[in-house]
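Numbering starts at 1 and runs along the sequence shown.
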Amino acid sequence: MNTTSVPGRWVEGVGLLLGPLFLLAGVLTRVDVGGDFFPYQLAAYAREPERMVVSYSLFAVGVVLLWPAATAVARLCGPGWGRWGLTLVVLGLFGRAFHLGVSHLAFHLVDVLGLAQATKVVESTYGAFHVFKAVNVAIMGGWLVLAIGAFRAKALPVWRCAALALGLGLPLGVLKGSSDPISFVAVAGLIVAMAPLGIRVLREGPAPRWWAVGLVVAFIPAAFWLGLQG
């Protein structure tokens, strides 16, 4: 693994190890909501807003961390299928981030309008056009292309390439739940494919400098505080 590459060994290793685990935590937190479509998700938020915010936030963190994770896998694959797979995966992650932002707004419509009116608003606007509809195919197909790249380059064992391809099963769209068994199969596949590579990447090379670790630890709460100031 090239330690001078961008975004770097530690960012990629953390993404590989923690990205799928955050996804798992997110789906487990809302697994018993009762339905995967938006009326059930909004109703669950009306009952337990803190739980649903935590669930969707954990999933959002996992989505962001999958960017350096996919970058690490693609680096092992080289050009061709790996490069195209990474491009499609990252485009898909942009789409997922957009969906999560819309979900966040929809939840807070419940706070302002009440459950019935918020559900009506979401129902009447659910199919509205947005530019990220164009990346729906990338959200699913990117993992398959990246898995083919890993297989062709022998970057991962065959069974972990197959596990990586299972990422295409993650539910996509606004206010989607995770009670469908396919969600767990997809997340489990990403964990199996990425976590061992993450451990390997983190163990290669020297440990980070103490001041760099301290800076990162201090930056996270500082960034939250600054964000809350508007």
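- Remark: R30 qualifies as a cation-pi partner of F59 under the 6.0 Å distance and 45° angle criteria applied to the six-membered ring.
- Annotation: the span from Y40 atom OH to T119 atom OG1 amounts to 11.5 Å, rounded to 0.5 Å.
- Side-chain contact check for V53 versus H104: every heavy-atom pair is 4.5 Å or farther apart.
- Between L170 and L23, the closest side-chain pair of non-hydrogen atoms falls below 4.5 Å.
- Annotation: side chain of Y45 is in contact with side chain of D111 (closest heavy-atom distance under 4.5 Å).
- Annotation: side chain of P206 is in contact with side chain of R9 (closest heavy-atom distance under 4.5 Å).
- Using a 4.5 Å heavy-atom cutoff, the side chains of V73 and L16 are in contact.
- Proximity of N136 to I139: side-chain heavy atoms (C-beta onward) are separated by under 4.5 Å at one or more points.
- L168 and L166 fall into different hydrophobic clusters, defined by Ile, Leu, Val, Met, Phe, Trp and Tyr side-chain heavy atoms under 4.5 Å apart, directly or through other members.
- Here the shortest heavy-atom pairing between C77 and G82 reads CB-CA, 3.6 Å.
- Residues L66 and M194 are in side-chain contact: their nearest non-hydrogen atoms beyond the backbone lie under 4.5 Å apart.
- Atom CD1 of residue I191 and atom CG of residue L18 lie 11.0 Å apart, to the nearest 0.5 angstrom.
- Ring planes of F38 and Y126: parallel class, angle under 30° (limits at 30 and 60°).
- Atom CG of residue L42 and atom CD of residue E123 lie 10.5 Å apart, to the nearest 0.5 angstrom.
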- Take H130 and F98 through the side-chain contact (heavy atoms from CB on, under 4.5 Å) test and state the conclusion after the steps. CA-CA 10 Å; H130 57 78; F98 176 84; 3.5 Å; yes
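- Rounding to the nearest 0.5 Å gives a distance of 8.0 Å between OH of Y56 and CG of L100.
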- Given side-chain contact (heavy atoms from CB on, under 4.5 Å), test F184 with L28 step by step and report yes or no. CA-CA 9 Å; F184 292 96; L28 285 176; 3.4 Å; yes
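- Side-chain contact between L175 and F107 is present, with at least one heavy-atom pair separated by less than 4.5 Å.
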